[in-house]
Student: 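Let me begin by handing over the structure; questions about it come next.
Owing to the predicted nature of the structure, the values given are computational and were not obtained by experimental measurement. Atom set for the values below is all heavy atoms of this structure, side chains included, hydrogens, waters and symmetry mates excluded. The chains referred to below are lettered A, B, ... by the order of the sequence lines, with proteins before strands, and numbering in each begins at 1.
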2 protein chains.
Amino acid sequence: MTESESEFLESYDPRDYDPVSVTVDVVALTIRDGELHVLLVRRGHAPHAGMWALPGGFVRGVRDAEDLPDAAVRELAEETGLSAKQGPLERIHLEQLRTYGKPGRDPRMRIISVAYLAFAPELPDPEAGGDAADAAWTPVGRLGLTDGGDQAPGTTRRLAFDHARILSDGLERARAKLEYTPLATAFCAPEFTIPELRAVYEAVWGEELHAGNFHRKVLSVPGFVESTGTTSDKAGRKGGPRPKLYRAGDARLLHPALLRPSREEEIR
Amino acid sequence: MTESESEFLESYDPRDYDPVSVTVDVVALTIRDGELHVLLVRRGHAPHAGMWALPGGFVRGVRDAEDLPDAAVRELAEETGLSAKQGPLERIHLEQLRTYGKPGRDPRMRIISVAYLAFAPELPDPEAGGDAADAAWTPVGRLGLTDGGDQAPGTTRRLAFDHARILSDGLERARAKLEYTPLATAFCAPEFTIPELRAVYEAVWGEELHAGNFHRKVLSVPGFVESTGTTSDKAGRKGGPRPKLYRAGDARLLHPALLRPSREEEIR
DNA sequence: ATAATAGTGTCTCTCAGACATTATGTG
DNA sequence: CACATAATGTCTGAGAGACACTATTAT
């Protein structure tokens, strides 16, 4: 760094630059009982006290400055009691979703929110903590989301701020990522069966898949799953042979991809 | 809003919440002479004065609060002299890329940068303005980007901050989007020929495509292009029949997609 | 004339989807 | 036993890629 740059830095006051606040919000998804669930917290403070919202909060910017993904995990842990480094959040997959910064999206002030998307295997029930008055896994089907990202009237859990839109974007991202990445395995235990994997796809895409074709297709994609050589100790609840067990393979992209059936509507 | 919420808002000081500054940076791409170019500006002030960087700057957060895409277009216009509402930037396609917020990415202070990706048809040379000492379309091939998003040593135009990484992410996004969206048409004039469209794909993907197969494929995707019924008045520079002219169609997604050949390396 | 190009046709291989079949478990 | 399920097999049609061919233009 040059001399003039050091001088410059000393005379620099960040607050001259019209600062805004930055938050992270997390769309955490999991599968429970064959249904896709999202982690929601009930807000303990204004604004929107009492409403349900995505877990999230302010990024520590200067004091104890933290990276954005770290902030996402911290807020997730604080508000839901799920411990981060060891325990439930250990095997979580986290990726950035997108950033929401429309003026007026928060009534307090100008807030830019960086949204993250998390995929988790089945986790225990959360416990409210931090600013949250309550926390719970909620079936996304009961939130009445429209294609436009709004909530249908009469929905029991109305989401605060623009969180319905963020959730909607997160769901679409999740649906798309199942097509061309092995991310569905992030919803499964370390060892899983092909029918379990199919249940993940069916829950996220919201439509039933042909069991036979799905099976053959998964095994034909190089690196998607690898055999453990073992067999599950229990069959399906309605009988049938005991399925074989698999692990996630080393592929980062699925080729060929597993495309969703019937998306003619979305093309135009 | 309840009584207590109004009280709450009045007692609220945003600066209690450890504010950070937010910038937008723009990866603006275009095709010139069959080669992919990115718009760069040379920094007029510290830090990194004299180095090349992506156009961008601080978001107006509170006074004249602006939406993030508006900030991106404004910075683009200010630093390059390309006028926004009418003129060169009129037909530009803009989308959010991702957000970069690692502590220390800017030596001044904690800065969160929301990066945007812009696709433009061939534009005039920019003129430096605002904080920029210079501005120019630069062939991305000469920036020596590695797969990891770094720049090879000896590259003439070293990029400031983490802009090499941002550019690298933007290029990968552009390459991927050509596969399943009709975005290549955003690089073309309102009326274009199939060989021109193919030149866009070849420039962005960096590999030659089979002319015959590409032609048939583009026409077979519903809504990708629609015929104007007219024919170009000039042939290719080395002869051949005069190609027919097409417009962008109404498809938002390409089905089936035009997949890149030979990406075996990227799968694992 | 030579060479490059636009556009179309043909062939093969892969893959998705519909359907069938067999073995194996539950109730 | 009746029935659902795991896993595999078969068939068909769509599509990608390789190659060939004709017509048209620049040099």
Student: Is Arg173(B) paired with Glu95(B) through a side-chain N to carboxylate O contact shorter than 4.0 Å?
Tutor: yes
Student: Taking salt bridge (charged side-chain N to carboxylate O under 4.0 Å, His left out) as the test, write out the residues that go with Arg175(B), two or more places apart.
Tutor: Glu172(B)
Student: Could you run through nucleotides 21-27 of chain D and give me one letter per nucleotide, 5' to 3': B if any protein heavy atom sits under 4.0 Å from the base, S if only the sugar-phosphate is that close, - if neither?
Tutor: --BBBSS
Student: Ignoring hydrogens and geometry beyond distance, is a side-chain donor-acceptor pair present between Asp169(B) and Tyr100(B) at under 3.5 Å?
Tutor: yes
Student: With sequence neighbours left out, write down each residue that passes side chain to side chain contact (heavy atoms under 4.5 Å, CB included) with Arg158(A), or none if nothing qualifies.
Tutor: Met51(A), Gln151(A), Thr155(A)
Student: Give me the first and last nucleotide of DNA chain C, going 5' to 3', that has any atom under 4.0 Å from a heavy atom of chain A.
Tutor: dA16(C) to dT26(C)
Student: Check side chain to side chain contact (heavy atoms under 4.5 Å, CB included) between Thr181(B) and all other residues, then give those that pass, not counting sequence neighbours.
Tutor: Lys177(B), Leu183(B), Leu253(B)
Student: Apply the test side chain to side chain contact (heavy atoms under 4.5 Å, CB included) to residues Leu209(A) and Leu258(A): give CA-CA distance (whole Å), side-chain angles for both, the deciding distance (0.1 Å), then the verdict.
Tutor: CA-CA 11 Å; Leu209(A) 301 177; Leu258(A) 283 79; over 6 Å; no
Student: Rounded to whole Å, please give me the gap between NE2 in His210(B) and C1' in dC19(D).
Tutor: 7 Å
Student: ring-ring contact (aromatic ring centres under 6.0 Å, His included): which pairs involve residues 170-200 of chain B, sequence neighbours left out?
Tutor: Phe119(B)-Phe187(B)
Student: Specify the residues of residues 211-218 of chain B, ordered by number, for which at least one heavy atom lies under 4.0 angstrom from an atom of DNA chain D.
Tutor: Asn213(B), Arg216(B), Lys217(B)
Student: Could you check how far CG of Leu259(B) sits from P of dA16(D), rounded to whole Å?
Tutor: 7 Å
Student: Does Arg247(B) have any side chain to side chain contact (heavy atoms under 4.5 Å, CB included) partners at least two apart in sequence or in another chain, and if so, which?
Tutor: Glu191(B), Glu226(B), Thr228(B)
Student: Listed in order of residue number, which residues of residues 186-199 of chain B have a non-hydrogen atom at under 4.0 Å from DNA chain C?
Tutor: Pro195(B), Arg198(B)
Student: Holding to side chain to side chain contact (heavy atoms under 4.5 Å, CB included), I want the full list of residues that pass it with Ala136(B), two or more places apart in sequence or in another chain.
Tutor: Trp52(B), Arg157(B)
Student: Under the side chain to side chain contact (heavy atoms under 4.5 Å, CB included) criterion, do His37(B) and Val140(B) qualify, and how do the steps go?
Tutor: CA-CA 5 Å; His37(B) 286 62; Val140(B) 295; 6.0 Å; no
Student: Hey, are Ser232(A) and Thr193(A) close enough side-chain-wise for a donor-acceptor pair under 3.5 Å?
Tutor: no
Student: Grab the CG-P distance between Leu219(B) and dA16(D) for me, whole Å please.
Tutor: 13 Å
Student: For Glu35(B), what residues pass the salt bridge (charged side-chain N to carboxylate O under 4.0 Å, His left out) criterion, not counting sequence neighbours?
Tutor: none
Student: Can you pull the ring-ring contact (aromatic ring centres under 6.0 Å, His included) pairs that have at least one residue in residues 211-231 of chain B, sequence neighbours excluded?
Tutor: Tyr201(B)-Phe214(B)
